[in-house]
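First the structure, in the form of structure tokens, and then the observations on it.
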2 protein chains.
Amino acid sequence: MTSSAARTSPRNGAGNGKAPRNDADEVGLDALVGHAGYAVRRFQIWIFQDFIKTLGAVDIRPTQYSVLTVIGANPGLSQMAVAKRLGIERARLVHLLDSLEQRKYVKRIKSKTDRRSHALHLTAQGETALARFKHLAAEHERNVEARIGRENRQQLLRILADFT
Amino acid sequence: MTSSAARTSPRNGAGNGKAPRNDADEVGLDALVGHAGYAVRRFQIWIFQDFIKTLGAVDIRPTQYSVLTVIGANPGLSQMAVAKRLGIERARLVHLLDSLEQRKYVKRIKSKTDRRSHALHLTAQGETALARFKHLAAEHERNVEARIGRENRQQLLRILADFT
DNA sequence: TATTGTTATACTCTATAACTATA
DNA sequence: TATAGTTATAGAGTATAACAATA
């Protein structure tokens with residue numbers, strides 16, 4: 001929400017001497033403009049908030065969605081493999097899976113070949129639900145497109161392709 | 001760190017029937033590829049980690065840097081104004097400023113005009129330190145450029161300009 | 001009444017370490 | 001000895017609510 005605030009007067013610091021206004025809408029950022037990290041962080045906040053809102057009716061957050069998607073595309077995966085792939089701590093994945101298993105979207109099945117590990121699968125209910133989630137996620141993606149433009153979204157995906 | 005893992009074989013799920021390999025480097029993402037939010041999140045993690053590492057010697061994190069930069073460019077700002085501008089909760093800014101004040105980078109000066117509020121200023125030491133931080137931040141920015149390319153970084157800044 | 005700074009609480013996420021059962 | 005899953009703890013970060021002083 002914060003990042004969608006009006007952004008009309010880009011800057012005012014640096015060159016104008018002193019005693020700046022105490023008005024939030026007139027605050028200059030200076031060196032922050034030109035920092036990729038700052039822009040990316042603000043955008044990431046916006047995009048996650050839109051995702052959470054768009055999938056609010058089904059109560060699915062970005063990380064939960066990514067876990068379901070990866071399991072759906074790679075049934076039988078171990079917890080370690082999912083954690084590694086998504087860059088999630090395995091300790092945290094335990095709790096994420098506890099929740100998804102409680103909601104009957106995911107099953108942990110004891111592996112026959114390595115009795116330490118679990119093979120992860122979607123339940124039938126999980127498959128159905130994921131289809132709906134994907135539909136809503138596509139709607140979210142259209143929101144992104146509406147916010148930054150079709151061309152810009154394409155370029156963004158291209159630029160960041162090898163971070164996925 | 002996780003996001004810099006080898007990314008050679010893009011996918012393998014969806015079309016190949018069943019019983020996929022249990023090997024983390026071969027896990028397909030499917031629907032996750034094509035989600036701007038996922039790419040942006042992974043990139044943001046990488047970029048923040050590089051920032052933290054590059055400014056590790058001076059022990060300054062991205063949020064601390066943004067607070068110092070905004071105060072440096074707009075001396076006399078109130079806490080509310082800084083919080084609003086950076087999208088930080090004012091409750092959280094209190095603790096951030098406590099830490100920066102303890103380290104002698106920032107002063108809280110009672111406002112004469114509105115005795116509820118504090119006018120924020122860098123100390124002389126804060127000014128000197130910030131100059132060094134900016135130098136290191138520029139080094140970080142060059143790391144970003146090296147990672148995604150000069151052209152791509154420019155485009156990214158252009159695309160996300162109105163989120164800053 | 002509303003706002004500024006503050007304190008406090010709760011929940012999410014990240015980072016570790018340690019434990020167990022297996023390998 | 002190393003690894004998979006689990007449990008626990010501590011630190012950021014976010015979201016709220018409430019309070020005192022002041023407007």
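Small disclaimer: the values here were computed from a predicted structure and weren't measured. Reminder, nothing fancy here: chain letters follow the sequence lines and each chain counts from 1.
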Can you tabulate the close N/O pairs, meaning under 3.5 Å, that link protein atoms to atoms of nucleotides 19-23 of chain C?
unit_1	atom_1	unit_2	atom_2	d
dA23(C)	OP1	R115(A)	N	3.0

Just say parallel, tilted or perpendicular for the rings of H140(B) and F51(B), cut-offs at 30° and 60°. perpendicular
Nearest whole angstrom, please: distance from the P of dT14(D) to the CZ of R42(A). 10 Å
To the nearest Å, give me how far apart CG (D59(B)) and P (dA12(D)) are. 10 Å
State whether R108(B) and E101(B) are salt-bridged, where the test is any N-O pair (Lys NZ or Arg NE/NH1/NH2 against Asp/Glu carboxylate O) under 4.0 Å. yes
Can you check the H95(A) NE2 to dT6(D) P distance for me, whole Å? 10 Å
Atom-pair distance (CZ on R92(B); P on dG5(C)), nearest Å: 17 Å
Can a donor-acceptor pair be found between the side chains of R158(B) and N152(A) at a distance below 3.5 Å? yes
Ignoring hydrogens, what is the shortest heavy-atom contact between R92(B) and I88(B)? Give both atom names and the distance. CB-CG2, 4.0 Å
Salt-bridge contact D162(B)-R42(A) (side-chain N to carboxylate O under 4.0 Å): no
Report the distance from atom NE2 of H118(B) to atom C1' of dT22(D), rounded to the nearest whole Å. 12 Å
Quick one: closest heavy-atom pair of Y38(A) and T164(B), and the distance? CE2-O, 3.7 Å
Residue pair A91(A)/R61(A) against DNA chain C: nearer the 5' end by closest nucleotide is R61(A)
dT14(D) P sits how many Å from I88(B) CD1, rounded? 8 Å
Assuming nearest nucleotide by heavy-atom distance, tell me which of R41(B) and D98(B) is located more 5' along DNA chain C. D98(B)
For the side chain of M80(A), counting heavy atoms from C-beta on, which of dA4(D), dG5(C), dG13(D) is nearest? dA4(D)
d(CD, E89(A); P, dT9(D)) in whole Å: 18 Å
Using a strict 4.0 Å threshold on nitrogen-to-oxygen distance, state whether D98(B) and R103(B) make a salt bridge. no
What's the CG-P distance between L93(B) and dT7(C), to the nearest Å? 13 Å
Under 4.0 Å, heavy atoms only, any strand: does Q79(B) hit a base, just the sugar-phosphate, or nothing? sugar-phosphate
